[in-house]
Amino acid sequence: MINSTVYTYQVDTPGRSYPVHVGAGLLTTLAPTLIAELGRGSRVAVVTHPGLVAKYAAPLCEALKLEGADCILSTIPAGERTKTLATVAKLYDDWARHHLDRRTIIVAVGGGVLGDITGFAAATYLRGVAVVQVPTTLLAQVDASIGGKTGVDLRAGKNLVGSFHQPKAVIADPEALATLPFRELRSGLAEVIKYGIIFDNLLFASIKDSLPAMLRRDAACLLPAIARCCEIKAQIVSEDETEQGVRAILNFGHTIGHAVETATHYRIYKHGEAVAIGMVSACLIGEELGITPASVTSETMAALQLAGLPYRLPNEISSEELLAHAAHDKKARNGRLRWVLAQSIGTTCVQSDVDNAIVLKCLQKQRDL
Ligand code: GLY
């Protein structure tokens with residue numbers, strides 16, 4: 001039976017208030033009407049990957065035309081390695097060729113990388129045009145599409161160039177996950193597990209029970225889990241748009257996770273896989289500091305294993321190299337890393353005075369798990 005429930009959460013930031021809609025079939029039902037309404041007669045520029053044109057972007061453009069909106073379509077290649085200024089420049093060129101003006105609505109149809117690139121291009125084109133995020137991966141639906149973080153990577157590190165550019169709306173349709181490559185689905189589950197650990201022990205308990213069904217893409221389990229993650233993210237971003245405080249907890253597992261991604265040149269690990277490894281690093285560091293109970297580490301590892309996610313550090317990268325990459329992370333302050341550590345399943349704290357020797361010891365422990 002198709003679940004027709006639509007969950008809507010509001011993100012309220014000082015500059016913009018916008019809805020996050022989550023529901024089965026929204027790509028074909030709500031998306032065209034809402035986007036056309038937001039555009040009010042102006043043009044719509046959809047950005048997607050070549051592989052998503054026939055499935056999602058072209059039908060959306062057709063539906064937008066029926067709603068009276070003039071729609072153009074641009075494609076960019078998939079993959080974290082395309083998250084560069086060169087890809088942004090390609091979008092600027094496309095949009096300039098079509099003479100898009102400041103009233104244009106940009107629509108990002110794809111995963112987190114596409115949303116970040118497109119959001120950044122929208123934030124900077126003509127000093128800023130509106131964007132609607134239509135995430136089609138689990139990772140983008142529960143995290144990347146909400147909260148306005150946009151940007152690209154530099155050789156020196158991930159997301160080093162970017163801006164906060166809140167979307168006009170986020171429309172997440174779990175039916176898009178039916179054709180998502182399995183590894184991408186698993187990668188997204190790492191972020192779902194993360195929300196349970198950082199914020200909601202009941203969510204964590206329900207995820208553990210429903211992971212096998214979620215891996216089978218059982219909509220009855222995926223939809224409420226996605227909705228709860230969106231609700232948590234909307235609440236956190238509303239409290240702290242620019243990550244001066246509570247928003248930092250969303251980076252649980254990301255300090256070592258980003259370092260793993262950078263050190264392996266975005267070739268080996270999906271983002272969620274690297275975050276899974278990083279969450280275990282954070283647990284071990286928290287344990288060493290007496291902050292994280294051992295039971296939290298074992299529960300985290302059990303959930304990651306159930307989801308088929310990695311938790312060991314790659315042996316080909318030294319711990320020192322990982323620390324060096326982590327120090328370049330833009331979340332470091334005056335060269336000091338800020339570690340998000342779990343105090344229990346559902347609560348976290350941020351520590352910035354962790355000795356490198358402790359981190360190195362824990363990374364070694366993680367190799368021996
Ligand atoms: N992905 C973490 C954040 O949006 O803050």
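Every heavy atom of this structure was used, including side-chain atoms; hydrogens, water molecules and symmetry mates were not. Read the numbers this way: they start at 1 and go in the same order the structure lists the ligands and their atoms. Numbers here simply count residues along the sequence, with the first being 1.
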*For Leu250, the ligand 1 atoms whose distance to one of its heavy atoms is below 4.0 Å*: 2 (C), 3 (C), 5 (O)

*Does the side chain to side chain donor-acceptor pair (under 3.5 Å) test come out yes or no for Thr300 and Thr297, once each step is laid out?*
CA-CA 5 Å; Thr300 300; Thr297 311; over 6 Å; no

*Among the heavy atoms of Lys233, does any lie under 4.0 Å from an atom of ligand 1?*
yes

_For atom 5 (O) of ligand 1, the protein heavy atom that lies nearest, with its residue and separation_ = Arg247 NE, 2.7 Å

*Decide whether an N or O pair under 3.5 Å exists between Asp143 and ligand 1.*
yes

*Could you please spell out the steps behind the side chain to side chain contact (heavy atoms under 4.5 Å, CB included) verdict for Ser318 and Glu321?*
CA-CA 5 Å; Ser318 73; Glu321 191 188 340; 3.3 Å; yes

_Candidate pair Asp12 and Ser17, rule side chain to side chain donor-acceptor pair (under 3.5 Å), full reasoning_ = CA-CA 4 Å; Asp12 284 309; Ser17 182; 2.5 Å; yes

*asked:* For Lys361, I'd like to know if atom NZ has over 12 heavy atoms of other residues, nucleotides or ligands within 6.0 Å.
replied: no

